[in-house]
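Order of appearance sets the numbers: ligands from 1, and atoms from 1 within every ligand.
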Amino acid sequence: MQINDVRDVVLVGGGHSHIQVLDAFAVTPPSACRLTLVVDRPIAVYSGMVPGFVAGQYRAEELEIDAAALGRRAGAEVVLERAVRIDVANRRIELEHGDSVPYDIAAFDIGSTVAGLDIPGVREHALPTRPIGAFVGRVAALLEAARRHDAGTPFRVVVVGGGAGGVELAFTLDQRLKDDTSGPIEVVLLEAGSQVLSGYSDSLVRRVTRRAAERGIAIRCNCGVTAAGPDVITLADGNPIPYHALIWVAGAVSHPIFRESGLPTDDRGFVRIRSTLQFEQHDALFATGDCGTLIDHPSSAKAGVYAVRQGPFITDNIRALLTGAPLRSYTPQREFLTLLNLGDGTALGTKWGRTIDGRWVMKLKDWIDRRFMRRFQIRPPG
Ligand SMILES: Cc1cc2nc3c(=O)[nH]c(=O)nc-3n(C[C@H](O)[C@H](O)[C@H](O)COP(=O)(O)OP(=O)(O)OC[C@H]3O[C@@H](n4cnc5c(N)ncnc54)[C@H](O)[C@@H]3O)c2cc1C
């Protein structure tokens, strides 16, 4: 590869890092580069505001980032198709319908999917949180089902997965259903492990447990789900739990693309990457966000905050690889501020083992989220 040749740079996925690359490349285009954006859908949905959407605090449009428009503004050719395989030997990204896109440098920011979709009945009957845009599109039908429900018995929503996303959805759904429907509501949060919010501080777990009890949200731990039917799930101990709506938010696993390309992955299928964000054995391939697992920090959470922080690094490192400059090393922050929207106008925040609570915490979350979104809104002229 000659430094002055025109090189094909392909960005696959419109996640939190790539929208920053596109934003930066629109301002200062990299020289000698033909840019292509491959996205399975033109609009990326910002997950941080999804619980707020569920609570009725945001409209669907307020969560949307037009990744395809950002791509076109950056001068990229936009390919609206799902990437399914990487042909490393021939440097091509293979697409769902048989075409392929050549690359000299390719970067992946394709996020993750939800664990447990292969459990019998889950794919058919549950409402999974991934793809997140599809989840957002199905919330209205859930609310309508609750409104139509016979008010003589509680409308029961079971949320499976007690991570941060599951906790937020349990609280925000509880609030929205109480606001929007007249009958009784029951929200049950199921967690397979021994407590919710594994890996978070004890003070946050205590606060969530207390607020759930005050709101009448049932939290049940050590409850692995083994099967789902149209209106009942079965737990590992054989006990059934009837439901009217089943939300599936049982942790992150990788899309199959990396394993199917024969690349080194971690045990959840996420591609292994170095601190430069390059694949373990391939200098021309990068990954950011959920889809890459840092070899030196394998237990970093799959959270959007990391994908956001990696944005400037991947931007600089693509430029560096194009010009032959040295690449930057990324180290994930050890702690980050987690903010959980409880749907009632309050939020919980936690960092360094301490937990904060209240309306001002929700205002802070709203300010952070809206500020992030404003950076990527492409508005018509005038
Ligand atoms: C309900 C909920 C709330 C959450 N709240 C927070 C929060 O407050 N803070 C936080 O830090 N994390 C939060 N998370 C986690 C967060 O959503 C993820 O960590 C984050 O979205 C990962 O960002 P990403 O850039 O890796 O990918 P994503 O944001 O998921 O983007 C992936 C992009 O790639 C595209 N794509 C996917 N597959 C392909 C393919 N094969 N080919 C082409 N394009 C593809 C998608 O359409 C999308 O544009 C939440 C998760 C959930 C479910």
Side-chain angles (χ1 to χ4, degrees), residues 10-22 36-55 63-68 70-71 78-86 93-96 101 106-115 127-136 139 159 161 163-173 247-252 254-258 260-261 270-271 287-293 300-311 314 333 336-341 347-349 365-366 368-369 372 376:
V10 181
L11 303 179
V12 184
H16 297 62
S17 307
H18 279 181
I19 55 174
Q20 296 178 69
V21 177
L22 294 169
T36 304
L37 173 69
V38 177
V39 276
D40 59 348
R41 60 198 74 217
I43 302 293
V45 169
Y46 177 51
S47 58
M49 289 167 77
V50 167
F53 165 79
V54 167
L63 328 176
E64 293 178 351
I65 294 172
D66 192 337
L70 286 171
V78 177
V79 176
L80 284 180
E81 219 179 310
R82 197 160 66 92
V84 290
R85 198 175 158 273
I86 310 163
I93 311 288
E94 296 178 0
L95 306 175
E96 192 168 21
V101 178
F108 290 79
D109 181 17
I110 57 172
S112 51
T113 183
V114 199
L127 176 47
T129 48
R130 298 279 175 193
I132 197 122
F135 174 76
V136 165
V139 169
V159 178
V167 166
E168 278 192 291
L169 289 179
F171 277 87
T172 50
L173 268 170
I247 310 294
W248 199 263
V249 54
S254 179
H255 295 291
I257 181 168
F258 304 116
E260 287 184 1
S261 305
F270 296 116
V271 70
T288 51
D290 282 6
C291 73
T293 289
S300 285
K302 296 296 177 191
V305 289
Y306 292 113
V308 171
R309 291 282 178 97
Q310 288 169 346
I314 183 67
Q333 69 265 40
F336 59 89
L337 176 64
T338 299
L339 293 165
L340 302 180
N341 182 349
L348 298 180
K365 177 168 171 50
D366 177 67
I368 293 171
D369 287 339
F372 179 76
F376 305 105

Nearest non-hydrogen protein atom, [atom]:
atom	answer
atom 7 (C) of ligand 1	G48 CA, 4.0 Å
atom 48 (C) of ligand 1	G14 N, 4.1 Å
atom 46 (C) of ligand 1	D40 OD1, 3.4 Å
atom 1 (C) of ligand 1	L169 CD1, 4.0 Å
atom 3 (C) of ligand 1	S47 O, 3.6 Å
atom 26 (O) of ligand 1	D290 N, 2.8 Å
atom 12 (N) of ligand 1	G304 N, 3.1 Å
atom 41 (N) of ligand 1	A83 O, 2.9 Å

Closest non-hydrogen atom pair between T293 and F270, with its separation: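 Answer, listing the atom of T293 first, then F270: OG1-CB, 3.3 Å.
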Heavy-atom nearest neighbour of [atom] within options [options]:
atom	options	value
atom 30 (O) of ligand 1	R130, Q20, H16, R309	R130
atom 37 (C) of ligand 1	I110, D369, I247	I110
atom 24 (P) of ligand 1	D109, T129, I257	D109
atom 27 (O) of ligand 1	S112, A307, G111	G111
atom 31 (O) of ligand 1	G13, G15, G165	G15

Subset of ligand 1 atoms that lie under 4.0 Å from at least one heavy atom of V38: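 Taking each heavy atom of V38 in turn, ligand 1 has 43 (C), 44 (N) under 4.0 Å.
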Ligand 1 atoms in contact with V39 (distance to a heavy atom under 4.0 Å):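 Counting from 1, the qualifying ligand atoms are 43 (C), 44 (N).
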Parallel, tilted or perpendicular, as decided by the 30° and 60° cut-offs, for the rings of H16 and F372: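 The rings of F372 and H16 lie parallel, inter-plane angle below 30°.
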Q310 side chain to G289 backbone, donor-acceptor under 3.5 Å: yes
All side-chain hydrogen bond (donor to acceptor under 3.5 Å, both in side chains) counterparts of S112, not counting sequence neighbours: D290
Close aromatic pair by centroid cut-off 6.0 Å: H18 and F108: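 Centroid distance H18-F108: not below 6.0 Å, so no.
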H18 contact mode with ligand 1 (heavy-atom cut-off under 4.0 Å): neither
For ligand 1, the portion of R82 having any non-hydrogen atom under 4.0 Å away: both
Within 6.0 angstrom of R130 CZ, more than 12 heavy atoms from elsewhere: yes
Sub-4.0 Å protein heavy atom near atom 44 (N) of ligand 1: yes
